[in-house]
Amino acid sequence: MRHCSCRDLTKMILGKLEGWSLGKHGVITEESKRETKSVGPNMTSCHPSYGRTDLLVDCCPPGFQSPLPFVDFQFPDPQSPLRIRRPVHAVDADYIAKYDKALSIMKSLPHHDPRSFSRQANLHCLFCTGAYDQQNSNAPLSIHRTWFFFPWHRMMIYFHERILGSLIGDETFALPYWAWDIPQGMVIPDMYTNNSSSFYHTMRDVSHLPPQTADLNYVSDTNLSPEDQIDLNLAFMYNQMVSGARKTELFMGCTYKAGKEGYCNGPGTIELAPHNALHTWIGSSLNPGREDMGKFYSAAKDPIFYAHHANIDRLWEVWREAHKQQLDIKDPDWLDSFFYFYDENLRLVRVKVGDVVDTIKLGYSYEQVHRPWLNMRPKPSYPPKLARQMLKTKEKNKLEMLSRTHVSSSELDTHGRALDASLTVKVRNHWRKKEKEEEKVIVVHGLEVKGDAYVKFDVYVNLIDQFKISPKFREFAGTFAHIPGGGAGKRKIDLKLGVSELLEDLEADEDESIWVTLLPTTPSCSNVTIGGVRMQYIK
């Protein structure tokens, strides 16, 4: 049993004090008396966390035990030049030299300097492995698989970018983005493979270096030609950005409120893949967790992390613009949630989620590129009428359809099931006339993942032929690509997949029931338990 020391008592008291809402000058305000469900870190609560299930890491900054003064975020001067983030494949030698110089200086800074590359990398370890508790709570703070995924990473690379610019005296410096969603950008950019530059990193899978085409839905290496891989990537992007992301929660992730009871575990489409898939694809196969990019605690040690997340950030903007900002989150608990980052002037800044919604106010924008995936709406692998006839014929065959691999949703809900083989579930469609703006959603609920290996399975609707499995076919509903960890503890996961457009294209939107197939693609799926599968409507 661990005994409480004087140091522990002091730390606990300071932690409670840190939980109060403080003004710019460290004065407790009336705001602190109002009950809120917004989320923020208790900065004095830092503790070792698990980078892998077998690896305890300590990413805590020096001197975290004492509360530090901070300032509230202020937007940059609107008269200052707009920083333009360009695709990496389009930058010139002068830009690469400038960025290389800035990053070299950052890497030379001592660890006690919060602008140093080691401290910048540790930010991801701190906030993405549960190293901080929430304010006024001993509940761990977790960024991934929630609606904080996009805004927190936007904050991180925003301050990272401004620090780099300040180190070389360039107020216009902007990070590049790795445009892996378009054909021209679907390889690791050459600047990251130059072993004499600061961008080079040894902890990468050497088999995935150029000219290997990136796999946005990565499971394991394939023998696809570059052209076929590009087509597959574009079809996958259509699902993740368009048909599967027509509602806020489906794209942004689940609603996360303060306290243990407010936590959720439900990632959005882009976080699942290409985000998780590419983290794993880049990481070294020689390391147990495919470090560095393959694990949250180590990912930001690789300089390519920042270009990867700049593209994630850009896709958030693309999605917002596609929906004319109508799907932006309005919940004050999201807008008022906050995190802390050091700026280029060594000031600790408290920044709210609501501060980072508008990139123009933040002083940066993205150079536009053509998005061919917008026109990649897939077609059914079989004509819908023929497919429905085949499904009805199969359903009559009780020996085949009512077996270990084919079950009803009610049976699955009662007993659960390990995903040690392909599993097809008959799910009631609950057809009714949809209200305006509603989306029909498949919910794979109660997902429990054991072990520390990358886990991936794909989801199909009314699948006829398991030899025709691909995002290029309309039956593909989405994927579950999971990097274990992230500070979520043992909280079970809910996977939500928007399927209204899919069901319309399969002419199954008014059917009484549909068949949902969960297709394991990694051996680690044997460590996955499914609680159940159901349909629901969301607005």
Side-chain angles (χ1 to χ4, degrees), residues 76-77 80-111 113-124 153-154 156-206 208-212 214 278 282 292-293 299-314 341-346 359 362-369:
D77 184 349
S80 59
L82 196 66
R83 300 171 191 252
I84 306 298
R85 296 179 181 173
R86 302 186 64 210
V88 180
H89 67 265
V91 300
D92 58 24
D94 288 342
Y95 172 85
I96 293 173
K98 179 171 61 176
Y99 186 10
D100 190 19
K101 178 181 178 181
L103 187 55
S104 295
I105 295 172
M106 178 180 276
K107 287 187 171 185
S108 73
L109 296 176
H111 185 73
D113 189 328
R115 302 171 302 166
S116 66
F117 188 76
S118 62
R119 289 282 293 278
Q120 294 286 297
N122 273 357
L123 285 170
H124 200 259
H153 286 91
R154 173 169 288 182
M156 181 188 181
I157 63 174
Y158 168 83
F159 287 104
H160 182 79
E161 175 178 76
R162 295 180 70 86
I163 291 170
L164 286 168
S166 72
L167 292 175
I168 54 174
D170 185 352
E171 293 185 355
T172 67
F173 175 81
L175 285 168
Y177 65 91
W178 178 19
W180 34 252
D181 60 302
I182 65 173
Q184 302 94 314
M186 288 183 186
V187 293
I188 291 178
D190 287 338
M191 62 183 272
Y192 293 98
T193 65
N194 181 353
N195 60 12
S196 64
S197 77
S198 61
F199 308 116
Y200 186 73
H201 196 67
T202 58
M203 299 295 184
R204 295 179 186 147
D205 191 324
V206 295
H208 294 162
L209 298 178
Q212 183 66 33
L278 279 177
I282 297 167
D292 281 330
M293 278 286 279
K301 295 178 181 179
D302 188 335
I304 205 171
F305 169 94
Y306 302 90
H308 176 47
H309 270 280
N311 201 46
I312 296 288
D313 186 68
R314 166 185 154 262
F341 295 86
Y342 278 95
D343 69 7
E344 66 272 22
N345 299 311
L346 289 172
T359 63
L362 292 172
Y364 74 91
S365 184
Y366 288 98
E367 182 175 287
Q368 297 296 313
V369 293

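What's counted below: heavy atoms across the whole structure, side chains too, no hydrogens, waters or symmetry copies.
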If you look only at pairs with a residue in residues 182-204, which of them pass as a salt bridge (charged side-chain N to carboxylate O under 4.0 Å, His left out), with sequence neighbours excluded?
-> Arg204-Asp302
Side-chain contact, heavy-atom cut-off 4.5 Å: Leu346 with Asp113?
-> yes
Any side-chain donor-acceptor pair under 3.5 Å between Arg85 and Tyr366?
-> yes
Rounding to 0.5 Å, atoms CD1 (Ile282) and OH (Tyr192) come to a distance of 10.0 Å
Between CD of Glu344 and CG of Leu164, what distance do you get to the nearest 0.5 Å?
-> 11.0 Å
Would you please classify the geometry between the Trp180 ring and the Trp178 ring as parallel, tilted or perpendicular, with 30° and 60° separating the classes?
-> perpendicular
Quick one: pull up CD1 in Ile304 and CG in Asp292 and give me the separation to the nearest 0.5 Å.
-> 12.5 Å
Between Ile182 and His89, does a side-chain contact (heavy atoms from CB on, under 4.5 Å) hold up when you go through it step by step?
-> CA-CA 11 Å; Ile182 65 173; His89 67 265; 3.8 Å; yes
Which atom names give the shortest non-hydrogen contact between Pro211 and Val187, and what distance separates them?
-> O-CG1, 3.7 Å
Step by step, work out the side chain to side chain donor-acceptor pair (under 3.5 Å) result for Asn311 and Arg314.
-> CA-CA 5 Å; Asn311 201 46; Arg314 166 185 154 262; 2.6 Å; yes
Closest heavy-atom pair and its distance - Ile188, His208 | CD1-O, 3.6 Å
For Tyr99 and Phe199, what are the C-alpha separation, side-chain angles and deciding distance, and is it a side-chain contact (heavy atoms from CB on, under 4.5 Å)?
-> CA-CA 9 Å; Tyr99 186 10; Phe199 308 116; 3.4 Å; yes
Would you indicate whether the side-chain heavy atoms of His153 and Ile312 approach each other to under 4.5 Å?
-> no
Here the gap from Thr202 atom OG1 to Lys301 atom NZ, rounded to the nearest 0.5 Å, amounts to 11.0 Å
So, are Asp343 and Arg115 salt-bridged, with charged N and O less than 4.0 Å apart?
-> no
Begin from the C-alpha positions of Phe305 and His124 and carry the test ring-ring contact (aromatic ring centres under 6.0 Å, His included) through to its verdict.
-> CA-CA 10 Å; Phe305 169 94; His124 200 259; 4.9 Å; yes
Note, Phe173 side chain near Leu167 side chain (heavy atom, < 4.5 Å) | no
Under the side-chain contact (heavy atoms from CB on, under 4.5 Å) criterion, do Tyr306 and Gln120 qualify, and how do the steps go?
-> CA-CA 11 Å; Tyr306 302 90; Gln120 294 286 297; 4.2 Å; yes
Partners of Arg86 by side chain to side chain donor-acceptor pair (under 3.5 Å), sequence neighbours excluded?
-> Glu367
Candidates Asp313, Thr172, Thr359 - the one meeting side-chain hydrogen bond (donor to acceptor under 3.5 Å, both in side chains) with Tyr364 = Asp313
Between Ser198 and Asp100, does any side-chain donor sit less than 3.5 Å from a side-chain acceptor?
-> yes
Answer yes or no: is there a side-chain heavy-atom contact under 4.5 Å between Met293 and His201?
-> no
To the nearest 0.5 angstrom, please state how far the CE atom of Met186 sits from the CD atom of Gln184.
-> 8.5 Å
Work out which heavy atom in Leu123 is nearest to a heavy atom in Phe341; give both atom names and the distance.
-> CD1-CD2, 4.0 Å
Roughly how far, to the nearest 0.5 Å, is the CZ atom of Arg119 from the CD1 atom of Ile163?
-> 10.0 Å
Are Glu171 and Arg83 close enough for a salt bridge, meaning some N to O gap below 4.0 Å?
-> no
Decide side-chain contact (heavy atoms from CB on, under 4.5 Å) for Ile105 and Ile168; before the verdict, give the C-alpha distance in whole Å, the side-chain angles of both, and the deciding distance to 0.1 Å.
-> CA-CA 8 Å; Ile105 295 172; Ile168 54 174; 4.1 Å; yes
Tightest non-hydrogen contact, residues Ala300 and Phe117, listed as O-CZ, 3.6 Å
Of all the heavy-atom pairs spanning Tyr95 and Ala174, show the shortest one and how long it is.
-> OH-O, 2.6 Å
So, His111 and Ser116: side-chain donor and acceptor under 3.5 Å apart, yes or no?
-> no
In terms of side-chain geometry, is the basic nitrogen of Lys98 or Asp170 positioned less than 4.0 Å from the acidic oxygen of its partner?
-> yes
